[in-house]
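Order of listing sets the numbers, starting from 1, for every ligand and every atom in it.
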Amino acid sequence: MTERVFRFKGACNNYPWGRTGSESLASQLQRKNDRDFQLTEDAFYSELWFGDYPNFLARLLEAGELLKDVIGQNKEGMLGKTASEALDGNLPFLPKILSIAKALPLQFHPNKGLAAKLHEQDPGNFKDPNHKPEIAVALSRFEIFAGFKPLPEIEPLFRLPPLQQFGPSLADAAARSDKELREVVRSMLEADAKTIKSLITLLYTNFLILNPGEAIYMPADDIHAYLSGDIVEYMARSDNVLNLGFCTHAERYYLDVFTNALTFEAHSTNDVMLSSQKSEKSKSGRTVVFSRLFASSTLLKADLQAEESDKISASDGLGVFIITKGEGDLIADGKEFDLSKGSIFFVAQGIPVE
Ligand SMILES: [Zn+2]
């Protein structure tokens, strides 16, 4: 019988927006966790994925066996009934660490209906039929553009001469329907780099700076660009993305799909920020839960000082833990494990942890 609580390791990727070498939190955590990891100082370490999504697969720390194979041997026992049935033994979420030096592409993620359609039409670019709402918790100062500002706040900008070139209807309030606004955004996205500079994002979207421990929630269909900082990112099990800016024109595929999906739903920065509450599962109250839920899974954050502890009661689904700072012990399933920065654990359904 396979162990139901075990340590495992994720995999780093090397996108050029990532921090380099040992500056990257992703590489720091990976190096601490995995003795075999070879760090190259001039390489980019953008993300550390620690899930079972096919691009960057997690493995057991010692045996090297794939996490998905270990789960596959005992799907219901590991994941619980709901999760094992919903995605045929796959993890229902995809956890990552991001260490960002410069802007990621301005992007949005298709909702479930659109993702299913795109996956069927173009499985090369859209590898799964799932939506991808995401939560990001800052681990350092974190900068982001997120969601369109409410229309009344953008309105004065429509009168600025540099913007008039993108649509004759801008100055005419009566003509500013979603249809017209889509055309304006489309012509901006099609404009050459010289014309555009960073005009669109600077003028239209909210700019936020998060401090460590603060979080944002990005639903599917919402425009965003992460700019700099270290974060834990937690999303539905999907890798579907449409890139629109801060990238080459060649990478901006499906401009029509994007502009047609735009809703210009009003957002204030408060709509984007995600609050946390004490988790009902936490005995000491030192573990908080981020309130937005999707796919019936959730994100917990425990802050423990020296000599402090917490017990988290059993859940009917699985858990994945990552230690981002410090060291300590984990007691679960009758065993005690050493924890240090970078440690990643799988805890099967029905097991409380201390
Ligand atoms: Zn995203």
Side-chain angles (χ1 to χ4, degrees), residues 13-19 25-26 44 46-51 53 55-56 91-115 118-119 125-139 142-148 185 189 198 200-201 204-210 214-248 251-255 257-259 261-263 265 267 269 271-274 290 292-295 297 299:
N13 58 37
N14 313 100
Y15 303 130
W17 47 259
R19 291 196 204 278
L25 181 66
F44 298 107
S46 42
E47 297 181 311
L48 168 63
W49 289 32
F50 46 108
Y53 199 85
N55 304 26
F56 307 101
L91 293 190
F93 51 79
L94 174 53
K96 300 175 189 175
I97 297 287
L98 273 68
S99 198
I100 305 161
K102 58 182 188 216
L104 274 74
L106 176 69
Q107 58 189 241
F108 96 129
H109 306 292
N111 61 35
K112 262 189 179 163
L114 181 57
L118 291 171
H119 175 63
N125 278 317
F126 301 94
K127 295 190 172 59
D128 63 76
N130 207 2
H131 66 161
K132 192 192 175 210
E134 55 198 29
I135 289 175
V137 183
L139 297 171
F142 170 46
E143 299 183 358
I144 176 176
F145 290 127
F148 286 100
V185 174
L189 291 171
S198 56
I200 170 178
T201 17
Y204 279 82
T205 63
N206 293 300
F207 172 64
L208 288 92
I209 298 174
L210 271 62
E214 292 181 330
I216 50 147
Y217 171 70
M218 295 310 308
D221 283 349
D222 231 343
I223 192 167
H224 57 283
Y226 296 168
L227 301 174
S228 71
D230 299 315
I231 57 170
V232 174
E233 202 185 22
Y234 160 84
M235 65 205 70
R237 189 179 193 281
S238 173
D239 195 31
N240 288 326
V241 60
L242 288 152
N243 291 336
L244 310 148
F246 303 144
C247 59
T248 65
E251 291 168 278
R252 294 179 196 180
Y253 41 79
Y254 290 95
L255 204 55
V257 173
F258 166 69
T259 42
L262 275 183
T263 55
E265 205 172 293
H267 285 314
T269 40
D271 293 333
V272 182
M273 294 294 290
L274 182 61
F290 289 93
R292 219 63 82 101
L293 303 177
F294 49 82
S297 52
L299 180 67

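Looking only at side-chain heavy atoms (C-beta outward), Met273 and Leu210 come within less than 4.5 Å of each other. Residues Leu118 and Asn125 have side chains not in contact (no heavy-atom distance under 4.5 Å, counting atoms from C-beta outward). Between His109 and Asn240, the closest side-chain pair of non-hydrogen atoms is not below 4.5 Å. In this structure, the side chains of Arg237 and Asp128 stay at 4.5 Å or more apart for every pair of heavy atoms.
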Show me the donor-acceptor pairs, under 3.5 Å and distance only, between side chains in residues 92-106 and residues at least two apart or in other chains.
residue, atom, partner, partner atom, Å
Ser99, OG, Leu25, N, 3.0
Ser99, OG, Asp230, OD1, 2.5

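Protein-derived N/O/S atoms nearer than 2.8 Å to the Zn ion (ligand 1) total 4, waters excluded.
Aromatic ring centres of Tyr226 and Phe145: separated by at least 6.0 Å.
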